[in-house]
Amino acid sequence: MSRTHFSGLALLFLVAFPPAHAVKYQVVDRTGYITGCNRFQTEIGSFYTRQLMRAASSFIWLTFNESMGERKDHDPVTLVIHRFQWSFRKILFHEMTHVWQQYGNGKAPRGLVNGIADYMRLRAGLAPKKWAQRGSGLRWDESYAVTAYFLDHCNGLKNGFVAELNSLMEDDYSDEFFSITELD
Ligand SMILES: *[C@@H]1O[C@H](CO)[C@@H](O)[C@H](O)[C@H]1NC(C)=O
């Protein structure tokens with residue numbers, strides 16, 4: 001049997017028995033062609049992007065300490081690419097967090113929501129060099145890097161803090177959540 005036939009069979013097997021609860025990831029490329037060349041397709045590509053979406057999701061679920069039944073239900077997840085950008089992976093981790101994180105039934109402060117998304121890429125080692133200095137900022141919920149560093153500090157005091165906070169935010173939000181998690 002030739003190699004081609006063999007991989008063809010292996011593929012059929014995967015299609016017939018997909019892993020339980022596997023999320024489908026889709027990429028829609030809207031970047032278009034500039035002078036006959038699509039930089040997104042030649043330098044990143046939809047296949048790699050789907051792999052990255054899958055890897056980011058696993059990382060996020062792990063950081064949120066969520067097992068299969070506890071994760072939010074989104075299927076398929078579609079990523080629409082409008083513009084080619086080198087900081088692609090960093091942005092992807094931030095945006096994928098928005099897919100899986102809790103919003104306290106819409107009551108969670110925007111700064112905290114974006115802070116959690118940036119905390120995720122900080123944990124993944126994808127914090128941009130140009131980020132604000134750790135310890136700078138005026139308020140904990142100032143958003144993005146400042147809030148991400150604040151959350152990282154809390155998580156350092158109590159491992160699993162961000163995961164617990166996220167799970168408390170499933171149906172509601174209150175600043176009290178910070179004391180419920182018994183941070184001393
Ligand atoms: C993760 O969740 C399990 C229970 O679902 C809990 O026992 C464990 O302490 C959690 N881990 C962290 C780091 O919070």
For this session: Indicate whether the side chain of Tyr173 and that of Asp171 have a donor and an acceptor atom separated by less than 3.5 Å.
Result: no
For this session: Kindly assign one of parallel, tilted or perpendicular to the pair His74 and Trp100, based on the angle between their ring planes and the thresholds 30° and 60°.
Result: tilted
Exercise. Just by distance, do the side chain of Glu95 and the backbone of Leu92 share a donor-acceptor pair under 3.5 Å?
Worked result: no
Exercise. Between Lys72 and Glu170, is there a side-chain N and carboxylate O pair less than 4.0 Å apart?
Worked result: no
Exercise. Do Glu70 and Ser67 have side-chain atoms, one donor and one acceptor, less than 3.5 Å apart?
Worked result: yes
For this session: Report yes or no: do Leu165 and Tyr103 belong to one cluster of Ile/Leu/Val/Met/Phe/Trp/Tyr joined by side chain heavy-atom distances under 4.5 Å?
Result: no
Exercise. Parallel under 30°, tilted from 30 to 60°, perpendicular over 60°: which one fits the rings of Phe178 and Phe150?
Worked result: tilted
For this session: Please step through side chain to side chain donor-acceptor pair (under 3.5 Å) for the pair Tyr119 and Thr63, ending with a clear verdict.
Result: CA-CA 10 Å; Tyr119 168 79; Thr63 308; over 6 Å; no
Problem set entry | Heavy-atom donor-acceptor pair, Ser143 side chain to Asn114 backbone, under 3.5 Å | no
For this session: Is it possible for you to say whether Leu62 and Val162 belong to one hydrophobic cluster, with membership spreading through side-chain heavy-atom contacts below 4.5 Å?
Result: no
Seminar exercise, completed: So CZ of Arg121 and CD1 of Ile60: to nearest 0.5 Å the spacing works out to 11.5 Å
Exercise. When clusters are formed by joining ILVMFWY residues with side-chain heavy atoms under 4.5 Å apart, either directly or through shared neighbours, do Phe88 and Leu122 land in the same one?
Worked result: no
For this session: Output the distance between atom CD (Gln51) and atom OG1 (Thr49), rounded to the nearest 0.5 Å.
Result: 9.5 Å
Could you tabulate the donor-acceptor pairs under 3.5 Å formed by side-chain atoms of residues 128-138, not counting sequence neighbours?
{"from": "Arg134", "atom 1": "NH1", "to": "Asp152", "atom 2": "OD2", "distance (Å)": "3.2"}
{"from": "Arg134", "atom 1": "NH2", "to": "Asp152", "atom 2": "OD2", "distance (Å)": "3.0"}
{"from": "Ser136", "atom 1": "OG", "to": "Gln133", "atom 2": "O", "distance (Å)": "2.6"}

Seminar exercise, completed: Which of Tyr144, Phe93, Tyr149 passes side-chain contact (heavy atoms from CB on, under 4.5 Å) with Asp118? Answer is Tyr144
Exercise. CZ of Arg50: more than 12 outside heavy atoms within 6.0 angstrom?
Worked result: yes
Problem set entry | Reported CG-to-CD distance for the pair Asp172 and Gln102, which is rounded to 0.5 angstrom | 12.0 Å
Problem set entry | same_hphob_cluster(Val23, Val27) at 4.5 Å side-chain heavy-atom cutoff | yes
